[in-house]
Amino acid sequence: MDLELRAAREKLEREQRERKERAKAKLEREKRAKAEAARQRDAIEAAQRSKRLDAARAQLEAERQMEESMLRGNGIIFSHTLEAVPFNGFGDKIKLPPSCFRELSDQGALDKGPMYFRLSIINELVPLDNNATDQREHQATHSGVLEFTAREGSVELPPHVWSNLLSGVSLDVPLAEVHYVSLPKGTYAKLQTDGMGFSDIPNHKAVLETTLRRHATLSQGDIISVSYGELNYKLRVLELKPDSSVSVLETDIEVDIEGPDSALETNRSQHMLRPLVMGKTEEGIVEEGNFNYYKFSVEDAMSDKVTSGQMNVEVKIEADQSDGDTNVYVSRHPLIFPTQHRHEWSSHEMGSKVLIIRPKDPSTVAGTYSIGVFGFKGMTKYHICAALKDNVKQKIGGYATASSQIDMETVECRNCKHYISSRSILLHEAYCIRHNVLCQHNGCGVVLRKEEAANHMHCDKCGQAFQQGQMEKHMKVFHEPLHCPCGVILEKEQMVQHQSAICPLRLITCRFCGDMVQAGNTPADARDRLRGLSEHESICGSRTAPCDSCGRSIMLKEMDIHVIAVHQKS
């Protein structure tokens with residue numbers, strides 16, 4: 001009986017413990033469920049709160065961008081993300097799709113004058129942090145608009161805008177943000193060249209002005225390319241006033257041009273003129289196929305002596321003893337970089353040489369001259385000097401007249417064909433026949449020592465006389481066929497004449513824009529041909545400008561006729 005009671009009591013206690021454990025576990029489950037529900041509720045509330053904050057920030061940002069767009073666009077809101085596509089154009093004017101024209105026209109942008117746009121590149125590979133924002137700010141520039149003919153969804157960029165916007169960026173599909181902006185007219189610009197030589201261009205500010213005519217805007221940090229003939233210079237915009245981006249249309253802007261930060265940063269492939277002091281020798285090294293350029297000036301005070309023949313302008317090159325050789329080409333400004341085909345004076349002698357400069361027009365002696373030292377063969381070390389030398393003319397025959405009055409009887413030498421006094425003809429012929437020989441080439445008649453006769457040669461084409469070692473250079477320089485870019489094939493002398501006066505691709509300084517441009521073919525207008533204008537000058541001179549006296553718009557090429565016919569007093 002006691003055992004049954006004890007077993008029943010233990011069973012009851014066990015069941016009570018199990019019920020307590022189940023109740024305790026249930027309470028813990030309920031507690032955990034309440035905590036999880038509270039956590040989820042807090043997370044949902046936090047997410048909703050974050051969404052509300054993000055929406056509020058996005059709205060504020062949109063309102064801020066809207067205000068900035070309204071402010072930048074002077075009341076016009078235009079912002080699109082378009083695919084950037086390059087096209088071969090000039091200046092900084094872009095092409096937009098036709099839909100952009102309708103949108104801008106509906107907002108009255110056409111009534112506000114020239115349209116300007118801010119372009120910034122979108123680099124989706126860069127995370128949106130502060131550094132990326134700064135980088136994106138730097139990858140921005142401004143432009144005008146050329147026309148609205150681009151494909152929908154794209155913007156066509158000329159090389160100037162493309163290089164400034166996408167330099168150093170490699171994207172499969174570049175995207176650009178295009179914003180309409182209103183820019184103030186520029187009053188001041190400071191530019192810096194990336195190398196030497198730009199200031200050597202005659203009227204280099206006029207050449208820069210011609211380049212800026214193709215631009216509608218300037219932005220701080222942009223790089224402008226200025227072409228002068230075959231040369232190309234790059235100028236960086238350092239400072240602008242009154243803002244970091246300005247308009248350059250229909251405004252007079254003051255421009256300051258600074259040189260490069262360091263001469264060591266100069267591009268060696270870019271031509272530059274090294275100054276020569278008259279009478280001072282400079283040392284240089286030139287490689288085969290390359291040019292070294294120098295410049296020197298003849299003052300007005302010395303030009304009279306050169307014109308009268310008392311002094312000569314000499315360019316002297318002393319080559320060191322080596323296997324190399326040079327050619328020398330000299331020209332006057334505005335032709336600042338003489339070449340094998342475009343120059344006024346040249347010397348192709350081997351080794352050291354002296355070139356005497358004699359201008360055809362006495363009034364053009366004073367001024368700046370350019371020297372081009374061309375490496376004809378190997379690497380040559382040389383010394384160059386430009387100087388004014390006294391022209392000492394020996395009076396040949398000054399005393400021969402008195403002598404001839406004493407002895408009028410002369411006899412022709414059978415060997416050298418010179419006329420010798422009859423008193424000494426026998427002695428002269430005996431010596432002359434034994435040591436000298438007469439060159440039998442037609443028109444030469446040079447008396448040579450017998451040991452030198454084998455080294456004396458004549459060119460089969462032009463008949464000039466040379467030493468045997470100089471013939472190879474003469475044939476290569478003067479008689480090797482040369483190909484002009486216009487398609488003509490000529491020898492050197494004919495090529496010099498062709499490229500200086502006939503070739504449509506020859507470079508001239510336009511009398512209207514001051515730029516070095518290709519002359520082109522003969523102008524179609526007979527009056528322009530009578531004026532001596534080239535094809536470029538005929539077109540460039542058709543631009544109009546107000547007359548200073550009456551204010552009427554007159555074509556530039558007819559301004560002188562207008563002044564004489566209308567304003568000159570009889």
#### Entry: Separation between CD of Glu480 and CE of Met475, rounded to the nearest 0.5 Å
9.5 Å
#### Entry: Flag, side chain of Asn312 to backbone of Ile356, donor-acceptor distance under 3.5 Å
no
### Query
Do His428 and His418 have ring centroids that are under 6.0 Å from one another?
no
### Task
Please tell me if the side chains of Met495 and Cys484 come closer than 4.5 Å, counting only heavy atoms from C-beta onward.
yes
### Task
Could you check Lys476 against Lys377 for side chain to side chain contact (heavy atoms under 4.5 Å, CB included), going step by step and ending with a plain yes or no?
CA-CA 12 Å; Lys476 186 174 182 179; Lys377 180 181 178 182; over 6 Å; no
### Query
What closest approach, in Å, do Val328 and Val330 show between heavy atoms, and which atom pair accounts for it?
CG1-CG2, 4.2 Å
### Message
Taking atom CZ as the centre, does Arg213 end up with more than 12 heavy-atom neighbours from other residues, nucleotides or ligands that are less than 6.0 angstrom away?
### Response
yes
#### Entry: Side-chain donor or acceptor of Arg236 paired with backbone N/O of Thr193 under 3.5 Å
no
### Task
Under the side chain to side chain contact (heavy atoms under 4.5 Å, CB included) rule, what do Glu537 and Arg531 come out as? Steps first, then yes or no, please.
CA-CA 10 Å; Glu537 291 175 327; Arg531 294 189 185 106; over 6 Å; no
### Task
Can you sort out the partners of Lys353 under side-chain hydrogen bond (donor to acceptor under 3.5 Å, both in side chains), two or more places apart, ordered by chain and number?
Thr326
### Within 6.0 Å of NZ in Lys305, more than 12 heavy atoms from elsewhere
no
### Task
State, to 0.1 Å, how close Ser534 and Ile508 come at their nearest heavy-atom pair, and which atoms those are.
OG-CD1, 3.1 Å
### Message
Test your reading of the model: is there a side-chain donor-acceptor pair from Asp92 to the backbone of Ala216, 3.5 Å cut-off?
### Response
yes
### Message
With rounding to the nearest 0.5 angstrom, report the CG to CG distance, Leu191 to Leu238.
### Response
7.0 Å
### side chain to side chain contact (heavy atoms under 4.5 Å, CB included) between Gln340 and Asn327, intermediate numbers included
CA-CA 9 Å; Gln340 296 97 320; Asn327 294 337; 5.9 Å; no
### CD/Glu239: more than 12 non-hydrogen atoms of other groups inside 6.0 Å
yes
### Task
Taking Lys473 for its side chain and His348 for its backbone only, find out whether a donor-acceptor pair lies under 3.5 Å.
yes
### Query
Looking only at heavy atoms, which two atoms of Ser352 and Glu318 are closest? And how far apart?
OG-CA, 3.4 Å
### Query
Going from CG on Asp222 to NZ on Lys234, what distance comes out if it is rounded to the nearest 0.5 angstrom?
12.0 Å
### Shortest non-hydrogen separation from Ala501 to Arg506 and the atoms involved
O-CZ, 3.6 Å
### Message
Checking the side chain of Ser219 only, and the main-chain atoms of Thr141 only, is there a donor and an acceptor separated by less than 3.5 Å?
### Response
no
Identify every side-chain donor-acceptor pair in residues 547-560 under 3.5 Å, counting partners at least two apart or on other chains, and give the distances.
residue: Lys557; atom: NZ; partner: Asp528; partner atom: OD2; Å: 2.9
residue: Lys557; atom: NZ; partner: Ser538; partner atom: O; Å: 3.3
residue: Lys557; atom: NZ; partner: Ser542; partner atom: OG; Å: 3.4

### Task
Compare all side-chain heavy atoms of Leu482 with those of Ile489 and state whether any distance is below 4.5 angstrom.
no
### Query
Where do Leu218 and Leu240 come nearest, in terms of heavy atoms and distance?
O-CD1, 3.4 Å
#### Entry: Straight-line distance of Asn415 CG to Leu438 CG, nearest 0.5 Å
7.0 Å
### Message
Under the criterion side chain to side chain contact (heavy atoms under 4.5 Å, CB included), I'd like the reasoning laid out for Leu533 against Arg511: C-alpha separation, chi angles, the key distance, then a yes or no.
### Response
CA-CA 9 Å; Leu533 301 181; Arg511 66 187 73 180; 3.4 Å; yes
### Message
Please give me the minimum heavy-atom distance between Leu276 and Phe296, naming the atom from each residue.
### Response
O-CB, 3.8 Å
#### Entry: Any side-chain heavy-atom pair of Pro504 and Glu535 under 4.5 Å
no
### Query
Is any side-chain heavy atom of Ile223 less than 4.5 Å from a side-chain heavy atom of Asn164?
yes
### Query
Once the angle between the rings of His474 and His479 is folded into 0 to 90°, is it parallel (under 30°), tilted (30 to 60°) or perpendicular (over 60°)?
perpendicular
### Distance, nearest 0.5 Å, that separates OG1 of Thr307 from CD of Gln310
10.0 Å
### Message
Within the 4.5 Å heavy-atom criterion, are Asn292 and Tyr382 side-chain neighbours or not?
### Response
yes
### Message
In terms of relative ring orientation, are Tyr369 and Trp345 parallel, tilted or perpendicular, with 30° and 60° separating the classes?
### Response
tilted
#### Entry: Phe478, CZ atom: more than 12 neighbouring heavy atoms under 6.0 Å
yes
Would you mind writing out the side-chain donor-acceptor pairs for residues 441-454 within the sub-3.5 Å range, not counting sequence neighbours?
residue: Arg449; atom: NE; partner: Glu451; partner atom: OE2; Å: 3.4
residue: Arg449; atom: NH1; partner: Tyr431; partner atom: OH; Å: 3.3
residue: Lys450; atom: NZ; partner: Ile433; partner atom: O; Å: 3.0
residue: Lys450; atom: NZ; partner: Arg434; partner atom: O; Å: 3.4

### Task
Give a yes or no on whether Tyr188 atom OH has more than 12 heavy-atom contacts from other residues, nucleotides or ligands under 6.0 Å away.
yes
#### Entry: Residue among Phe291, Phe374, Tyr293 satisfying ring pair (Phe, Tyr, Trp, His ring centres under 6.0 Å) with Phe337
Tyr293
### Query
When rounded to the nearest 0.5 angstrom, what distance separates NZ in Lys295 from CZ in Arg274?
13.0 Å
### Query
Any sub-3.5 Å donor-acceptor pair from Glu344's side-chain atoms to Arg332's backbone N or O?
yes
### Task
Verify, without hydrogens or angle tests, whether Ser346 (side chain) and Tyr329 (backbone) share a donor-acceptor contact under 3.5 angstrom.
no
